[in-house]
Structure formats: C-alpha cells, structure tokens
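See structure below.
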Amino acid sequence: MTTLIPNPSTPVEPAERPIVRHPDGSPVRVLVVDDEQSLSELLQMALRYEGWEIRTAANGSDALRVAREFRPDAVVLDIMLPDMDGLTVLHKLRAEADTPVLFLTAKDAVADRVAGLTAGGDDYVTKPFSLEEVVARLRSLVRRSLAAGNANANRLVVGDLVMDEDSHEVRRGGEEIKLTATEFELLRYLMRNPKRVLSKAQILDRVWKYDFGGQANVVEIYICYLRKKIDAGREPMIHTLRGAGYVLKPAA
C-alpha cells in the first residue's frame, strides 16, 4: 500500500491551520483504528500536529475497549481489521455513543462506499490517500459534531442529573440542588467528562488551577461536599477509584 505523505518542504505553520478544540479549550480526542502499524504511526503524527490527543487500536476488540475508556470525539476506522470488519465495529460503537466515524478503505467500488455510509459512517477516504485529506475531513467532522453539541452546550445531562451552565441551576430527578461556586465548577468538570476517571491532579489543574492555598486534600473535601448534595438519599453517581481518581456516571 502506498500512502501519500504531506510534502515536508511546504509545512503548514500552526498560525495558518484552523485550530479545532472543545469550547473549554481541551483538546479534541481521536481514536485511530488500523492494523498497519506504519500507517497508524503516520496518522498519529499528523493528528498530534493538530494539537489533538490520539489513541490507537490495531483491531476491533481493542478499538471498542479504548473507545469506552478514551471517549473519542472522532474515530478513524479501517474497514478491514483482523478480528472483525469495520462495519461491525461501527455498529457496536454507535450502540454506546454517536461518535463521528471516518472510514479508511482500500475498496474503491461504489457499493462498498455506499455500504459504509449506509451503515452510519460519516465520511470515508480510499487508500492510497494524503494525510492532508484525512486531517481536513476530520476537522470538518469534528467541527460539525462540536457545533451540534454546542447547540445544547449550556445544558449538561448525566442520567437524572441536569446542569444549566447559564443559570447555574442544578437538578437531580427534578429536585433543585444549591451549590457554591466551587462546587458548581467541580460538578461541571465531572459532568463534562461522564464515565471518565479524573485524577486529583487533573481536577486541581482544571477547577482550582493549583490555587488551593496549599491544602492538598481540597479535592477530597469538595468531592465529599458534592456527594452530600448530589448523592444523599439516592443511588450514588460520584465514585472513587482508589489510586486513580473520581468518576461521575449515571446511577445503576
């Protein structure tokens, strides 16, 4: 297989590239699924140049596992994988999240392209391809996805927990919950990353920006405050993973 590589003599300067990020400034997360290591490494290089966070998988099973942990904003998915085809992976991914998917395929028959898009793929490129084309198509997919998400960006929903970021109102099961400013920011960070384990260091950096007056256990203290308000008398949503951090997920 011959994959075209961007011409190194004409690099695109960072100032000239359209920067695509989440509204809160966090990097876009992309999962690359391909069993050809050399191609996977090339894609990683190109996408990291965008300032994005990248994870890879070499087969469908690993792709599904990584997707659950990583919660990507977009997936680059090869149709031909060693354990299951990309269409099957797509169906399983979409059962858990409506993540944009860009198919990579060596098949150039119209029927194969239609099958990929009919199955729910958002776009595709046919091998051999240029890395610039893959990056450009991904930018477009991610922009559309973030724009659609931003239509309701002022309202975060995890299970029966609802936060209005504009009015600072929080409700669980329809019952209003009063939070302090710091509690609100901590809950907002947890709700923007549902089912994702967040370390104390990540929370300190994002919520307190390390300006916590030297009180090293400030995260534990405020998690305790939140639990008393969010989980009191209800099925718990805030969980501690010893040695790893904290995770917010819908009640069982």
Side-chain angles (χ1 to χ4, degrees), residues 6 11-34 39-58 62-78 93 96-104 122-123 125 130-156 158 163 165 185-211 219 241 244-249:
V12 179
E13 294 299 326
E16 298 175 0
R17 291 182 291 117
I19 304 301
V20 181
R21 286 182 172 271
H22 286 277
D24 64 357
S26 60
V28 167
R29 300 185 296 272
V30 179
L31 171 60
V32 175
V33 186
D34 198 296
L39 175 57
S40 182
E41 290 174 352
L42 284 172
L43 287 168
Q44 282 187 76
M45 176 187 67
L47 298 178
R48 282 184 175 140
Y49 188 66
E50 294 294 303
W52 296 348
E53 188 177 347
I54 312 300
R55 296 282 177 84
T56 63
D62 284 348
L64 296 172
R65 175 183 56 78
V66 174
R68 293 187 190 102
E69 299 170 357
F70 185 48
R71 294 174 44 79
D73 298 298
V75 178
V76 180
L77 179 60
D78 191 4
L93 283 173
E96 300 185 16
D98 190 24
T99 307
V101 172
L102 172 68
F103 275 125
L104 301 181
D122 298 276
D123 203 351
V125 291
S130 72
L131 293 179
E132 292 102 324
E133 179 183 11
V134 173
V135 172
R137 288 175 181 266
L138 273 176
R139 282 198 207 109
S140 179
L141 287 181
V142 171
R143 277 201 197 95
R144 290 204 304 266
S145 178
L146 293 180
N150 287 342
N152 293 313
N154 65 330
R155 189 169 181 266
L156 302 175
V158 179
M163 170 183 284
E165 295 184 284
E185 289 303 321
L186 174 56
L187 182 61
R188 171 153 57 184
Y189 185 42
L190 293 171
M191 291 186 72
R192 283 181 171 178
N193 295 274
K195 299 182 181 179
R196 188 178 186 189
V197 179
L198 302 171
S199 69
K200 292 179 184 178
Q202 287 175 307
I203 294 172
L204 280 171
D205 183 43
R206 194 58 61 89
V207 178
W208 279 271
K209 303 187 186 306
Y210 290 100
D211 182 19
V219 175
L241 276 73
Y246 304 94
V247 60
L248 176 81
K249 56 186 178 180

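Model, not experiment: these values are computed from the prediction.
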Nearest 0.5 Å, what's the CE-OH distance between Met45 and Tyr49? 10.5 Å
From CG (Asp205) to NZ (Lys200), nearest 0.5 Å: 16.0 Å
Within a strict 4.5 Å, meaning less than it, do heavy atoms of the Ser26 and Glu53 side chains meet? no
Looking at side-chain heavy atoms only, is the closest gap between Val76 and Leu104 below 4.5 Å? yes
Given side chains that start at C-beta, do those of Val219 and Leu204 come closer than 4.5 Å, heavy atoms only? yes
What closest approach, in Å, do Pro72 and Ala67 show between heavy atoms, and which atom pair accounts for it? CD-O, 3.5 Å
Is the shortest heavy-atom distance from the side chain of Leu131 to the side chain of Leu42 under 4.5 Å? yes
CG (Leu186) and CZ (Arg206) are apart, to the nearest 0.5 Å, by 12.5 Å
Are any side-chain N or O atoms of Glu69 and backbone N or O atoms of Val66, one a donor and one an acceptor, separated by less than 3.5 Å? no
For Pro27 and Gly51 the tightest heavy-atom approach is CB-O, 3.4 Å
Do you know which two heavy atoms are closest between Val142 and Ala74, and how far apart they sit? CG2-CB, 3.9 Å
Decide salt bridge (charged side-chain N to carboxylate O under 4.0 Å, His left out) for Arg188 and Glu165; before the verdict, give the C-alpha distance in whole Å, the side-chain angles of both, and the deciding distance to 0.1 Å. CA-CA 8 Å; Arg188 171 153 57 184; Glu165 295 184 284; 3.3 Å; yes
Exercise: identify the closest heavy-atom pair between Leu156 and Arg192: CD1-CG, 3.8 Å
Backbone of Phe70 reached by a side-chain donor or acceptor of Arg29 within 3.5 Å: yes
Below 4.5 Å, heavy atoms only, C-beta onward: do Leu93 and Thr99 meet side chain to side chain? no
Verdict with reasoning, Arg21 to Glu50, per salt bridge (charged side-chain N to carboxylate O under 4.0 Å, His left out): CA-CA 10 Å; Arg21 286 182 172 271; Glu50 294 294 303; over 6 Å; no
Less than 4.5 Å apart, any side-chain heavy atom of Leu198 and any of Tyr189? yes
Val158 side chain near Lys249 side chain, heavy-atom distance below 4.5 Å: no
Under the side-chain contact (heavy atoms from CB on, under 4.5 Å) rule, what do Tyr246 and Ile203 come out as? Steps first, then yes or no, please. CA-CA 9 Å; Tyr246 304 94; Ile203 294 172; 3.9 Å; yes
So, Trp52 side chain and Val20 main chain: donor-acceptor pair closer than 3.5 Å or not? yes
In Å, rounded to the nearest 0.5 Å, how long is the span from CD of Gln44 to CG of Leu39? 10.5 Å
Are the side chain of Arg71 and the backbone of Pro194 linked by a donor-acceptor contact shorter than 3.5 Å? yes
Please examine the side chains of Val30 and Asp73, heavy atoms only from C-beta on, and report whether any two atoms are closer than 4.5 Å. no
To the nearest 0.5 Å, tell me how far Arg143 CZ sits from Leu138 CG. 11.0 Å
Report the distance from atom CG of Asp122 to atom CZ of Arg137, rounding to the nearest 0.5 Å. 12.0 Å
With a 3.5 Å distance limit and no angle check, can you tell me whether Asp34 reaches the backbone of Asp78 through a side-chain donor-acceptor pair? no
Which of these, Val32, Asp62, Leu43, sits in a side-chain contact (heavy atoms from CB on, under 4.5 Å) with Thr56? Val32
